[in-house]
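Letters A, B, ... are given to chains in the order of the sequence lines, protein chains preceding strands, and every chain is numbered from 1. What's counted below: heavy atoms across the whole structure, side chains too, no hydrogens, waters or symmetry copies.
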Amino acid sequence: MNLLALPILIPLFSGAVLLLLPSRIWRFVLACLAALLCLGVSLSILNTVLSGKVMVLQMSNWPAPWGISLVADGLTGIMLALSALVGLLTVIFAGSSLQHEPRRGQSKLVNELRERFGFQALLQFLLMGVNMSFLTGDLFNLFVAFEVMLISSYGLLLIGNELPQLREGFKYVVVNLIASAIFVVAAGMIYGLIGTLNMADIAVKVAQHTASYGPDARLSLLAMMLALVFATKAAVFPLGFWLPSSYPVPAAAASAFFAALLTKVGVYSLIRTFTLMFPEEDLIKTLLLVLAALSMVVGALGMISQSRWRHTLAFANISSIGYLLMGVFTRQNMGLSAALYYLIHTVLVIFTLFLIAALAEKIAGLKYTSEGHLNTYPWLAASYFIAALALAGLPPTTGFIAKYALISASLKVGGLLNNWVAAAAVVTGLLLLYASVEIWRGFFWGESHAVHQVSLPAGMKGTMAASLGLLVLLAIASGPLYRLANFAADQLSRNTAYIAAVLVETQAPRLGDPPLPTDHGVEEETH
Amino acid sequence: MTRYPEIVFKTLAMPIVFVLLAIGFHFFLRGHNAPGGGFIAGLIVAVTALLARMSLDRRLLRLEPKTLVPIGLLIAMTTGAFPMLLGDAFLKSAHGHTRWPFVGDFEWASAALFDLGVFLVVIGTTLTIIDLLAEDNLEEAQ
């Protein structure tokens, strides 16, 4: 079971060594090797988990509710594989793009400095934080993982010291610090009330308490606090105001990785919170469902309002978070498998689009309004076409399958709210299509003014092609992937396997283990 | 360059530096079972290094503090990962007793090595941060 520590240890090790290596080439080679190794380990974890087994590593051999457990079930397996895959592509993309100018009309010195001051090392630490938040089975450890992730993301966001980076980086740091503070307060209160921070143990105790005393407002408050924190990280509509302006400012590789994975860590934590720890909080779930619908629409509208590549795509990211949460919070976990399938799809789509944006910025600067690049870069146009279809959700792509599944799950559950959310999803699909066509019209269509072709680095083109290839492969392999999502969703909605695997040695009620303190306690005793 | 001509400060700094180093060492060792440990000891030693630099204009370390961070990380990680090679759980600590002359019974734990890593990382980070902030001020002053 020590396999579970490797997705955390490999990036930690390579990150530390990367700080010591003097030559750029060696740094690149080591980062690639580490990412490859990580991918191998993640795939083998996914493979083991697919047999229905939940893998657990009790760190330092302390039994579950006292020590920290690393746990991998189906969802963790999927997330780890995705993060390793995107991580590998990002490492290669960064290696190639950091040798060239960030965008047209800018000195390449900025990027070279970024590389020299440890871009690759920070990326490894970021991967470590991301993997740790997927693996951990302990709420406080999740906080630590978030911090590892955030501190490296502060570094990646600010490295290069460009003016917009400093401005947006400041907001990003402040927002995330506040969210982290709320998180740690919530964790403290959970420990005070429930007496444990192990997620499986929390699940057991909350279920026991709810079974014997009915719903408890204090538990709802704690769930609400966690929801607030994770929704901020996931950039759900009113809380995600920091995202559209901060994700476009760092180096292209960092933007792409942030957009593809960091917000999904928030979504992952929301899934864990509301399927494992607090599955009964229907009011909060409904609230989040409404916010999900709003995020979709607002994200798509924001996309239309922008004229710069990465700003537009940052809004597309918000919209995709809306779709994801719509699936997660559809009643009775009906949309969960659709949501997980959409998750795999959206990570790749957003990543591909950001890579395309990076190439386009090299050609014509930040805005996409320079017309006529279809003739000079037909391959880029074709790639954008496929990715945009996937984003909007038109038939041959995975976007269609995923959105169809999401909307049909929502309609199957029925009821006023779910019907409205489904309607919002359909309308958002149209808006996304309009926004994608707008980019197409602005950048690829029209008369060409280009005097000469900009030569684009092969590494960047290759990574983009690989990412697009994965997206196409996803559509072809939809059947097995949907079964995979189904399997993980099934595991999530029951959770018995997860709890049994984590608390294996402490199934029996423990001596000297007080039940949750209650208001009703006194009355109960007098009966 | 003498930026701090205060005589009291300069005279007292030397003994204080040694006392602080001793306290840091003490906190590092007691950390296993009592408040203290690598993190706190690291902070104390970092403050000592800062004091030495301010008063005596001398670096406590010959090394660039930045390099301590990866070294510390590697030490901590290797200690944590070593049990995995023996088929035990990640971070599992070994411990035992040895009898030393003069000291008597001494309990050792491999977790102390992990703490050493933390210690180095904390010193490296703190000193680097202080260095960077100080550099900025110097530039502004000139």
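- Chain B forms the most heavy-atom pairs under 4.5 Å with one residue out of A/Leu70, A/Leu9, A/Val17, and that residue is A/Leu9.
- Minimum interatomic distance between A/Leu20 and B/Thr67 (heavy atoms only, all atoms of both residues): CD2-O, 4.4 Å.
- For a heavy-atom cut-off of 4.5 Å, chain B lies close to A/Phe125 in residues 112-132 of chain A.
- The environment of A/Tyr154 atom OH is dense: over 12 non-hydrogen atoms of other residues, nucleotides or ligands sit within 6.0 angstrom.
- Closest heavy-atom contact between A/Ser60 and B/Lys92: O-CD, 3.5 Å.
- The two residues B/Pro70 and A/Ala16 have their closest heavy-atom pair at CB-O, 3.1 Å.
- Within a 6.0 Å sphere centred on CZ of A/Phe28, heavy atoms belonging to other residues, nucleotides or ligands number more than 12.
- Interatomic distance, CG of A/Leu19 versus NZ of B/Lys66, reported as 9.0 Å (0.5 Å rounding).
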